[in-house]
Amino acid sequence: MLDIQFVRDNPELVQEKTKQKGYDVDIAKLLKLDSERRARLTQIEELRRRRNEQAETTKGQKPSEEQLAVGKQLKEELARHEADLQQIDTDYLALLKAVPNMPLDDVPVGLSEKENKVTKKVGEQKTYDFQPKPHWEIAEPRGLIDKERAAKISGSRFAYIKGDLVRLQFAVIQFVLQTLGDEKIIRKLIQENNLKLAVKPFTPVLPPAVLRTEPYAASARLNAEEVTYRLANDDLWLNASAEHTLCTMYWNEILPEEMLPIRYVGYSTSFRREAGTYGKDTEGIVRMHQFDKLEMEVFSTPETGLDEHLLLVAVQEYLVQQLGLPYQFLLKCTFDIGKPNARGIDIECWFPGQNRYIETHTADFITDYQARDLKIRVRRQDGNLDLVHTNDATAFALGRILAAIIENYQTADGRVRVPEVLIPFMGDIREL
RNA sequence: GGAGAGGUGGCCGAGUGGUUGAAGGCGCUGCUCUCGAAAAGCAGUGUGCGGGCAACUGUACCGAGGGUUCGAAUCCCUCCCUCUCCGCCA
């Protein structure tokens, strides 16, 4: 959530930017609740002070009739005010949490994804001397993907991934872990982008795939209506990204400044209900209820938050370039970046078999929006406390990137060449 | 699944109704001592929220939420979590 002090100081700005993100929150009402809340709190604290004072003077002895009467009256008054406060508090918090994070100034203003700006196109779209096929037309006949049987067992939007395509997935994983663990590469990316950041490789993490309601809700990532699966008999949700169990990892913790930045690359199977996407991307494996994903997560000081975001974007581009995939770079508009985001970048890879770009990567700069509710803070060298900044970004969403590889590396005879950088991780296999 | 134990400050650990935000110890910080270090001594050392330019101050917090009471870490209720043993299982 946003800092209430910021809202108090900049009500018009907050209202404006909230609108720009397509959210309808009554900021004036929020501020009214805020001041009511504070007024009520002051009254309550005064009553409590008097109660404490009395308890102090009667310690160890039986209170007089008169003191009992005063105490009872205080109690009644308190109960009344506290009931009011509880209601105000509930409304206040609901409204405050409804306010999205403020977009940075370079985020294009727009109320539909059409306003996303393509800021650059990289890599040549290969020309084929045959009609390139979509990935499912290559993979399904060859038994690399079986969605039909998966549908029988699990329903639509599930798949059995099989054979060398599985090997390819594990090769991608190995490639990413090696790349993100390589100090030289991290240093190079930091230098090339003039970032003021520590050279520190990413630590691989296998996080839990499920999490409880309380931390999930605090992460501002729980979306019960459209995205998140819940387990019927437990207070547990299936994560929709490793990000969800990574960003919550330091829930309610104060981190020493020396620990930062913390750079993780998490690997997890991710689950999404995809409610409201019926009929969209029904073929192939680009939109599934279940997919594996490598996700980067960074905790940093507030000063370095933006640079960490830029580093993650640089890492993403590097990874995509290494795979030799043509892509375009999207600066997402206010509507599309998501509620907790201050800025959001997408990378869309070219899918020649479908003759279109498809989103394969997202980088989210969250500032302190998540950390405030998650209560993740940094103890500065001087002893002060600050909220950390969180950043998350896709390394590779395996389903989509396998599909992109299949389509870009397909051959005339319906096979798939293995991208150069993956060959060392594929044994002798050079072609699927 | 069965049985049991337990959740208190950065850590360990006291504390069953009233100077307990919390004994004691450890750790950490500062000072004294020292050429320096260690030891010793002294002092300090949580977080949120409200108020204040600030020093500071009020309030809340002993797993969570309710309740009893003039007053709750302490009594009652509900829930959550952790650990141990047995069973089952990758």
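A note on names: the letters A, B, ... follow the listed sequences, proteins ahead of strands, and every chain is numbered from 1. None of the values given here were measured: they were computed from a predicted structure.
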(request) Specify the separation, in whole Å, of atom CZ of A:R40 and atom C1' of B:U59. (result) 17 Å

(request) Specify the residues of residues 43-51 of chain A, ordered by number, for which at least one heavy atom lies under 4.0 angstrom from an atom of RNA chain B. (result) A:E45, A:R48, A:R49, A:R51

(request) Report yes if at least one side-chain N or O of A:K375 is closer than 4.0 Å to OP1 or OP2 of B:G48; otherwise report no. (result) no

(request) Grab the CZ-P distance between A:R379 and B:G46 for me, whole Å please. (result) 9 Å

(request) Could you check how far CD of A:E77 sits from P of B:C70, rounded to whole Å? (result) 16 Å

(request) Name the pairing partner of B:C49, where a pair is Watson-Crick or G-U wobble with both distances under 3.5 Å, or state none. (result) B:G58

(message) Does the structure show a Watson-Crick or G-U wobble partner for B:C88, both distances under 3.5 Å? Name it, or say none.
(response) none

(request) Send over the distance from A:R372 CZ to B:U47 C1', rounded to a whole Å. (result) 16 Å

(message) What is the separation between atom CH2 on A:W251 and atom P on B:U47, rounded to the nearest whole Å?
(response) 20 Å

(message) What's the gap between B:C28 and B:U16 when it is taken at their C1' atoms, as a whole Å value?
(response) 33 Å

(message) Could you tell me how far apart A:L96 (CG) and B:C49 (P) are, to the nearest whole angstrom?
(response) 12 Å

(request) Round to a whole Å and report the spacing from CD1 of A:I376 to C1' of B:G48. (result) 16 Å

(message) Within the 4.0 Å heavy-atom criterion, would you say A:K72 contacts the bases, only the backbone, or no part of the nucleic acid?
(response) sugar-phosphate

(message) Can you check the distance between B:G7 and B:G13, where both ends of the measurement are the C1' atom (answer in whole Å)?
(response) 14 Å

(message) Does A:R273 have more than 12 heavy atoms from other residues, nucleotides or ligands lying within 6.0 Å of its CZ?
(response) yes

(request) Give the nucleotide from the list B:U59, B:U47, B:G66 with an atom nearest to the side chain of A:Q86. (result) B:G66

(request) Could you please name the partner base of B:A43, counting Watson-Crick and G-U wobble pairs only when both distances are under 3.5 Å? (result) B:U29

Show each protein N/O and nucleotides 73-82 of chain B N/O combination with a separation under 3.5 Å, one pair to a line.
residue	atom	partner	partner atom	Å
B:C81	O3'	A:R212	NH2	3.0

(message) Regarding A:R40 and A:E36, does a basic nitrogen lie under 4.0 Å from an acidic carboxylate oxygen?
(response) no

(request) Test A:R343 against every option in A:D364, A:D106, A:D336 by the salt bridge (Lys or Arg N to Asp or Glu O under 4.0 Å) rule and name the one that passes. (result) A:D106

(request) For A:E76 and A:R80, run salt bridge (Lys or Arg N to Asp or Glu O under 4.0 Å): C-alpha distance rounded to whole Å, both residues' side-chain angles, the deciding distance at 0.1 Å, then the answer. (result) CA-CA 6 Å; A:E76 278 166 28; A:R80 224 172 35 243; 5.8 Å; no

(message) Please check: side-chain N/O of A:E140 versus main-chain N/O of A:D146, any donor-acceptor pairing under 3.5 Å?
(response) no

(request) For A:L385, answer base if it contacts any base atom (sugar-phosphate contacts may also be present), sugar-phosphate if it contacts only those atoms, and nothing otherwise; contact means non-hydrogen atoms under 4.0 Å. (result) sugar-phosphate

(request) Would you mind checking if A:E257 and A:R380 are paired as a salt bridge, meaning a charged N to carboxylate O distance below 4.0 Å? (result) yes

(message) So which atom in A:T334 and which in A:P103 form the shortest heavy-atom distance, rounded to 0.1 Å?
(response) CG2-CG, 3.8 Å

(request) Indicate the atoms forming the closest heavy-atom contact of A:T269 with A:D292, along with that distance. (result) OG1-OD1, 2.5 Å

(request) Go ahead and name the base partner of B:U20; Watson-Crick or wobble counts if both distances stay under 3.5 Å, otherwise write none. (result) none

(request) Would you sort out whether A:F299 and A:Y250 count as a ring-ring contact (aromatic ring centres under 6.0 Å, His included), showing the intermediate values? (result) CA-CA 9 Å; A:F299 302 86; A:Y250 296 105; 5.1 Å; yes

(request) Please step through side-chain contact (heavy atoms from CB on, under 4.5 Å) for the pair A:L85 and A:I44, ending with a clear verdict. (result) CA-CA 9 Å; A:L85 178 66; A:I44 287 174; 3.7 Å; yes

Check the interface with nucleotides 51-55 of chain B: list each N/O to N/O pair with the protein under 3.5 Å, or write none.
residue	atom	partner	partner atom	Å
B:G51	OP1	A:R38	NH1	2.6

(message) Please report the distance, rounded to the nearest Å, between CD in A:E82 and P in B:G50.
(response) 17 Å

(message) Taking pairing as Watson-Crick or G-U wobble with both contacts under 3.5 Å, can you name the mate of B:A38, or confirm there isn't one?
(response) none

(message) Let's go through A:W237 and A:T213 carefully: what are the C-alpha distance in whole Å and the side-chain angles of both, what is the deciding distance for side-chain contact (heavy atoms from CB on, under 4.5 Å) to 0.1 Å, and is it a yes or a no?
(response) CA-CA 7 Å; A:W237 304 77; A:T213 303; 2.9 Å; yes

(message) Using the rule side-chain hydrogen bond (donor to acceptor under 3.5 Å, both in side chains), only one of A:Q370, A:H309, A:R221 pairs with A:D392; which is it?
(response) A:R221

(request) Look at A:E295 together with A:K293 and state whether they make a salt bridge at an N to O cut-off of under 4.0 Å. (result) yes

(request) May I ask which nucleotide in the shown strands pairs with B:U69, Watson-Crick or G-U wobble, both distances under 3.5 Å? (result) none

